[in-house]
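First comes the structure, then the notes that go with it.
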Amino acid sequence: MSYDPFAALTTLETPLGNRRIASLPAVAEACGADLDTIPFGIRVLLEACLRHCDGHAVTEDDVRALAAYDGASVAPCEIPFKPGRVVLQDFTGVPAMVDLAAMRTAIVEMTGDQASANKVNPLVPCDLVIDHSVQVDAFGSAQALTINAEKEFTRNAERYTFLKWGQQAFDNFRVVPPATGIVHQVNLEYLGKVTWDDGTWLYPDSLVGTDSHTTMINGLGIVGWGVGGIEAEACMLGQPISMLIPEVVGVRFTGRLPEGCTATDLVLRVTEMLRAHGVVGKFVEFFGPGLANMPLANRATIANMAPEYGATMGFFPVDEQTLKYMRLTGRDEALIETVEQYCRSQNLWHDDTASVVYTDVLELDMSTIEPALAGPKRPQDRISLSAMQTQWQHDLSTTFSHGDDGGTAVAQAPAKVTMGTDEFDLEDGAVVIAAITSCTNTSNPDVMVAAGLVARKARSLGLTQKPWVKTSLAPGSKVVRDYLERAELLDDLAALGFDIVGYGCTTCIGNSGPLPGPIHDAIQEHDIVATSVLSGNRNFEGRISPDVQANYLASPPLVVAYAIAGTVDINLESEPLGTDETGQNVFLADIWPSQAEVDAVVAASINPEQFAHEYGSVFAGSDAWKAVPAGEGAIYDWPKSTYIHLPPFFSGMTAQLPGIANVEQARVLCMLGDSVTTDHISPAGAIASDGPAGMWLTNHDVPLSLFNSFGSRRGNDLVMTRGTFANIRVRNQMAPGTEGGWTTDLLDGKVKSIFDAAEHYATERVQLIVLAGKDYGMGSSRDWAAKGTFLLGIRAVLAESFERIHRSNLVGMGVVPLQYPQGVTAATLGLTGQETFDITWPEVMEPRQDVEIVISRSDDTQTSVTARLRVDTPVEVEYLANGGILHTVLRRMAFGT
């Protein structure tokens, strides 16, 4: 890094020693820029470009473009960004490591040189946290944690063996073992440094992660966001992220949260507000007098849900609250002092006097926040607690079609259920899952302690959960257990069924486990619209449980309250939760703790020693983890496995670029509506025994009890391709009246699974496309939503709009994203899906250019539409020409091209 065209590389004497830095004040002076007007997140991008500027991969023009940033008028300029590190969770991390292992196999085949395998190696620090594999099989008992952990290791032995091989085979790659915590909470509490020290250089900590909620780290003043596994793999191999300089929307906080409101209530309002404003593809940056007393845990909750409000990230710059949290979590004092010194010297320290120019500014007075939930299908659909019952009855009659012609909810006949010694009626609105889950909230001591206090007060009054409610508590780190135990709240939570079931994502990602048989049977046989209430960040249909249609996000204390109520068909502000031992009504207000009560417990129960103890041996793992064999060697031997399989992505690769072939006479495989999520596209959740993936597993002698989940099998393309578009709530207009992964095969007119139809089309060499509505690909950063699309033979996706990560992933797999012109849709064109589509690409493809699509109908008439090529940068054009991002990187490694 000796190239210094701006005379901005200098030395800073710090408590950690003398370190080299890329000086932001110096580059601002050299470029005539005013740092005070540049948003803090952009300043971090500027520092990264300045530090990596070599005149080739990162040029002087890249640095000048960022130094000239004007929030009022952001030019569409592409820049390279090299994040400092990568974090992965195991559902996305396993396929990423499978791809790297496959690249090693491929490069040896391409070059004939065994030693070339070592060219495929992470060049930046990479941490994979195993948090997505634990499932809630056992619950409501002190043994639940042990039982679920044992089942996790039984189901995932092949995956864990592969990861242990990877840990010894690759440099810069560490694995945080199972039963430790959730990746974003571990990142927040331990991995994140705010200012990174590599022994020579000091620079802002920055990262990308293979999970959309990587943005949680923005609450600690660290720039980072979720990318697809494909893009993350390229980053791991030293490739910069090519991105357009983003607009930055400022959100000014004023006031304080009122009594009785939580960080969850605040983030649901922020999500609603920013979704309505429109921040997809933009940075959001928070400022204002309201930040002065906002705990960092609240900031992390807000930053975590950036994907839900659509932003690339939701950034809180470094300030006193950052340092306070670093001390609470046991970070080294020399590092903390260095963070303050470095950030102040680099104009990265936040105070509210700075004159930052944002593209837009929104204001939120936190004193207006009220208790709320969000649902039943989207996190941005906030419902105030006072209106919850009314909204439920409206949704029951409309969204879920349990109503009369006038739109009034009509109660179905309740199901009579016997479960053990309990007999009860189960009806629409029954809460069958109540889960305290997800790093979004379990990272926040205030809401976790509040949940414990609600449980304590309810228990003292003789209240308990309803027998049909599957309750669970899954903290995002063991520190949560420590402080709840010290506060003597664990027993109170357990008394209401909230025993610890695991340290992982569980219900939030769909690992809620099966409902008890009698509950499942009653729901299915009586068409009951059952509900879940969870402290998660996503509630898309089909995500939480196949038996649950309506899912509501809520704070942990509200989760406890709804477990007691047992239904969402109740007004918790005016109706009693139950009665005490004397027959007196007990209302929510009677068991809701004051903020002073919460503060007192938090202050008495949490200390830095707890964090130091739990993270002191974070990479060691349990005896079960230590017993997993590691394997040896640089090249994976690909043993027979239904979890890990050599993918076909790099098969037959040569130095010759394949180019971008025209689309000819393509058929529509899927015709989809608005808000299709990556949960709809990518295989997730339980594997149905009668679906293509389930039948494949059965044919390979896997018993139903060991099917595990799609997420756990992302390392096997043969399973994952069979599950693509097979979500139980997918409504494909190509097969009207069906739900769950069906299409009409236009070659024989039969309705069949999407996988079977794609196989038939492939046999007949018929190309395929997908038609979709608005916000296509919203949700989690699931690379298999793109990989499965590619392996089904889909060449292009034509949609009204795309969510950021999925669009990037499609390009990364060589699938072309195309966008209808404004005001044009499949409906306005009169498309039925029976048409054929021809697309001739320009001889010289350029980013975001117009492309003509010729549509031929069955009556021999033709229509053409000019679509926008959603390949947004020149680098993405190069990726398409190579067949994908990893193909591009592999050719460079093998042949230097």
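From a predicted model like this one, the values you see are computed outputs, not experimental measurements.
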Check the orientation of Y636 and W165. Use parallel for under 30°, tilted for 30 to 60°, and perpendicular for over 60°. tilted
How close do L747 and H760 get, heavy atom to heavy atom, and via which atoms? CB-CE1, 3.7 Å
Is the number of heavy atoms from other residues, nucleotides or ligands within 6.0 Å of CD (E525) greater than 12? yes
Do L792 and Y761 have side chains that get closer than 4.5 Å, going by heavy atoms? no
Just to verify, what does L145 make a side chain to side chain contact (heavy atoms under 4.5 Å, CB included) with, not counting sequence neighbours? I500, Y503
Side-chain (R85) to main-chain (L207) donor-acceptor, under 3.5 angstrom: no
Side-chain donor-acceptor pair present, H645, D717, cut-off under 3.5 Å: yes
Heavy atoms of F153 and S622 approach each other most closely as CZ-OG, 4.1 Å
If the test is side chain to side chain contact (heavy atoms under 4.5 Å, CB included), which one of T440, T214, V129 qualifies with H184? T214
Inter- and intrachain pairs under salt bridge (charged side-chain N to carboxylate O under 4.0 Å, His left out), touching residues 758-779, at least two apart: K774-E800
Apply side chain to side chain contact (heavy atoms under 4.5 Å, CB included) to K151 and list each qualifying residue two or more places apart in sequence or on a separate chain. D137, I147, R155
Closest heavy-atom pair, A101 versus F170, reported as atoms and distance to 0.1 Å, is N-CZ, 4.2 Å
Please name all residues satisfying side chain to side chain contact (heavy atoms under 4.5 Å, CB included) with A693, sequence neighbours left out, ordered by chain then number. I687, F710, V719, R722
Is there a donor in the side chain of T442 and an acceptor in the side chain of Q185, or the other way round, less than 3.5 Å apart? yes
State whether K787 and D99 are salt-bridged, where the test is any N-O pair (Lys NZ or Arg NE/NH1/NH2 against Asp/Glu carboxylate O) under 4.0 Å. yes
Are there more than 12 heavy atoms of other residues, nucleotides or ligands under 6.0 Å from atom NZ of K640? no
Using only atom types and a distance under 3.5 Å, with no angle test, would you say the side chain of N699 pairs donor to acceptor with the backbone of M695? yes
For R714 and W784, indicate whether the former's side chain and the latter's backbone hold a donor-acceptor pair under 3.5 Å. no
Interatomic distance, SG@C508 vs CG@N537, rounded to 0.5 Å, equals 4.0 Å
Could you tell me whether the side chain of D783 and the main chain of M813 form a donor-acceptor pair under 3.5 Å? no
Do side-chain atoms of R891 reach the backbone of T654 as a donor and acceptor pair under 3.5 angstrom? yes
With a 4.5 Å cut-off on side-chain heavy atoms, are Y643 and V94 touching? no
Would you find a donor on one side and an acceptor on the other, under 3.5 Å apart, between the side chain of N172 and the backbone of C126? no
Closer than 3.5 angstrom, by distance alone: can the side chain of K470 be matched with the main-chain N or O of V136 as a donor-acceptor pair? yes
Any non-hydrogen side-chain atom of D547 less than 4.5 Å from a side-chain atom of Q524? yes
When you compare the side chains of T92 and T210, does any donor N or O come within less than 3.5 Å of an acceptor on the partner? yes
Shortest non-hydrogen contact between A530 and V548, atoms and distance: O-CG1, 3.5 Å
To the nearest 0.5 Å, what is the distance between OG (S709) and CD1 (I509)? 7.0 Å
Partner of T789 under side chain to side chain contact (heavy atoms under 4.5 Å, CB included), picked from I681, T721, L669, N809, is I681
Is there a side-chain contact between I130 and R159 (heavy atoms, below 4.5 Å)? no
Assess the side chains of T677 and H680: does a donor N or O sit below 3.5 Å from an acceptor N or O? yes
Tell me if a side-chain donor or acceptor on N511 pairs with a main-chain N or O of V134 at a distance below 3.5 Å. yes
For G777 and H806 the tightest heavy-atom approach is O-CB, 3.6 Å
Answer yes or no: is there a donor N or O on one side and an acceptor on the other, between the side chain of T678 and the main chain of A785, under 3.5 Å? no
Sequence neighbours excluded, which residues qualify as side chain to side chain contact (heavy atoms under 4.5 Å, CB included) partners of Q239? A234, V889, R892
Using 0.5 Å steps for rounding, measure from the CD1 atom of I794 to the CD1 atom of I769. 9.5 Å
For the residue pair F725 and T743, establish whether any side-chain heavy-atom pair is separated by less than 4.5 Å. no
Closest heavy-atom pair and its distance - S641, N716: O-ND2, 3.5 Å
Do the rings of H887 and F650 sit parallel, tilted or perpendicular, given the 30° and 60° boundaries? tilted
Side-chain heavy atoms of P307 within contact of H213, under 4.5 Å: yes
Quick check: do V86 and P122 have side-chain heavy atoms less than 4.5 Å from each other? no
Here the salt bridge (charged side-chain N to carboxylate O under 4.0 Å, His left out) pairs for residues 801-816, sequence neighbours left out, are R275-E803, R807-D872, R807-E876
Do we see a donor-acceptor contact under 3.5 Å between the side chains of R543 and N727? no
Determine whether a donor-acceptor pair (N or O, by modelled atom type, separation under 3.5 Å) exists between the side chain of T724 and the backbone of S682. no
Within a strict 4.5 Å, meaning less than it, do heavy atoms of the N187 and M216 side chains meet? no
Heavy atoms from other residues, nucleotides or ligands near CD of Q114 exceed 12 (cutoff 6.0 Å): no
